[in-house]
Number of protein chains: 2
Amino acid sequence: MADHRVITRFEGGMRFNSQVDNHTIIIDTPENDGGTNMGPRPKKLMLSSLAGCTGIDVVGILNKMRVEFSDFSMDIEADLSDESPKTYTDVKITYIIKVKEEDQEKVKKAVMLSKEKYCGVSAMFSQFADMDYEILFL
Amino acid sequence: MADHRVITRFEGGMRFNSQVDNHTIIIDTPENDGGTNMGPRPKKLMLSSLAGCTGIDVVGILNKMRVEFSDFSMDIEADLSDESPKTYTDVKITYIIKVKEEDQEKVKKAVMLSKEKYCGVSAMFSQFADMDYEILFL
């Protein structure tokens, strides 16, 4: 049996219903590509996956370190290749977070641990794109 | 300006809210990993992204070829590496579809064109995983 399994059904137009465990993800295209814009385009979902993966790592590590934080978000910007099939060539993750000044080094360590040891999505991205990680302290 | 941009905000627990254009994707972990299971885990979202990408290609190509089809779904099975960070090593996409027998070759051509020419997500996956494509005609 495979480690992970996802079933995705066509629902008409350009819309798909993807079952991820007990959750439903709708994927669609905008109207100008024949869809009805009921969900995100598929490629950008990879950026949500990347953010979720490294974000969960960072929160878990900061919790273990007993670092208090707030206003945590990630801004991911990605460039595509010119030729088809279009793939991500350059991906920049900016972690935006509010912590006490004395805890900033711990945030840097959490981001580094996610990047180098824990985040499988980040490791997969690094096989096809140049990855850049920045932290913006509020 | 980057080609694609996705903002993802931490909402508490292990839950993240990812804004993909005008759509919201919730990412979370199950209770036994500190979350509240309000959305899928991040890594599996990559499999939804893969299904959506190649599925939209196949539907678009079959529409252009004027091939009538029904009951189209994709079953994706993926194995993970043993070591951390855990990455997908083997990914198998099974396309399940109902068409007239004389149109089966056109479905094979659509799947091949998605794999080789159009699907950027598939091209990215092929940089880190062994990919396998099968078609099951109903």
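Computed from a predicted structure; not experimentally measured. Within every chain, numbering begins at 1; the chains are lettered A, B, ... in the order of the sequence lines, protein sequences first and strands thereafter.
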(request) For the pair A:L47 and B:V20, evaluate side chain to side chain contact (heavy atoms under 4.5 Å, CB included) and give the outcome as yes or no after the intermediate values. (result) CA-CA 9 Å; A:L47 303 180; B:V20 188; over 6 Å; no
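- Other residues, nucleotides and ligands contribute only 12 or fewer heavy atoms inside 6.0 Å of the CG atom of A:D82.
- Cluster annotation: A:V111 and A:I96 are assigned to distinct hydrophobic clusters (Ile/Leu/Val/Met/Phe/Trp/Tyr, side-chain heavy-atom contacts under 4.5 Å, transitive).
- Interface residue B:K43: backbone and side-chain heavy atoms are both found under 4.5 Å from chain A.
- Between B:V59 and A:G13, the closest heavy-atom pair is CG1-O, 3.7 Å.
- Per-residue heavy-atom pair counts under 4.5 Å with chain B were compared for A:A2, A:S49, A:G52, A:G120, and the maximum is reached by A:S49.
- Both the backbone and the side chain of B:C53 come within contact range of chain A, each with at least one heavy atom under 4.5 Å from a heavy atom of that chain.
- Closest non-hydrogen pair, A:I27 versus B:S48, comes out as CD1-O, 3.1 Å.
- With a 4.5 Å cut-off on non-hydrogen atoms, B:E11 does not touch chain A at all.
- Side-chain heavy atoms closer than 4.5 Å link hydrophobic residues (I, L, V, M, F, W, Y) into clusters, and following such links, even through other members, never connects A:L136 to A:V99.
- In this structure, chain A has a heavy atom under 4.5 Å from the side chain of B:N22, while its backbone stays farther away.
- Between chain B and the options A:T94, A:I56, A:I25, A:T54, the largest number of non-hydrogen pairs under 4.5 Å is found for A:I56.
- The heavy-atom pair separating B:M46 from A:V121 by the smallest distance is SD-CG1, 3.7 Å.
- Using a 4.5 Å cut-off between heavy atoms, A:Q19 makes no contact with chain B at all.
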(request) Under the side chain to side chain contact (heavy atoms under 4.5 Å, CB included) rule, what do A:T8 and B:I76 come out as? Steps first, then yes or no, please. (result) CA-CA 8 Å; A:T8 305; B:I76 299 190; 5.7 Å; no
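- Taking chain A as the reference chain and counting heavy-atom pairs below 4.5 Å, the highest number among B:S18, B:G12, B:A51, B:A78 is found for B:A78.
- A:M1 approaches B:D79 most closely through the heavy-atom pair O-OD1, 4.3 Å.
- For chain A, the nearby part of B:N63 is the side chain; its heavy atoms alone come within less than 4.5 Å.
- The hydrophobic clustering, which links ILVMFWY residues whose side-chain heavy atoms are closer than 4.5 Å, places A:L138 and B:F10 apart.
- In the hydrophobic cluster analysis, where Ile, Leu, Val, Met, Phe, Trp and Tyr join through side-chain heavy atoms closer than 4.5 angstrom, B:M131 is grouped together with B:V107.
- Minimum heavy-atom separation, B:H23 to A:M38: CE1-C, 3.6 Å.
- In this structure, A:E102 places its CD atom where more than 12 heavy-atom neighbours from other residues, nucleotides or ligands lie under 6.0 Å away.
- Annotation: maximal heavy-atom pairing with chain A below 4.5 Å, among B:K44, B:M14, B:K92, B:R15, occurs at B:K44.
- Of the atoms belonging to B:D21, it is side-chain heavy atoms, and not backbone ones, that fall under 4.5 Å from chain A.
- No chain of hydrophobic side-chain contacts below 4.5 Å, direct or via other Ile, Leu, Val, Met, Phe, Trp or Tyr residues, connects A:I26 to B:V6.
- For the set A:F69, A:Y88, A:Y118, the count of heavy-atom pairs under 4.5 angstrom toward chain B peaks at A:Y88.
- When each of A:M74, A:K86, A:R41 is checked for heavy-atom pairs under 4.5 Å with chain B, A:M74 comes out on top.
- Within the 4.5 angstrom heavy-atom criterion, atoms from both the backbone and the side chain of B:I7 approach chain A.
- Shown here for A:S84 and B:K117, the closest heavy-atom pair between the two residues is OG-O, 3.1 Å.
- Contacts of B:F16 with chain A are made by side-chain atoms alone, with heavy-atom separations under 4.5 Å and no backbone atom involved.
- When A:A123, A:P85, A:S81, A:G60 are compared by the number of non-hydrogen pairs under 4.5 Å with chain B, A:P85 comes out ahead.
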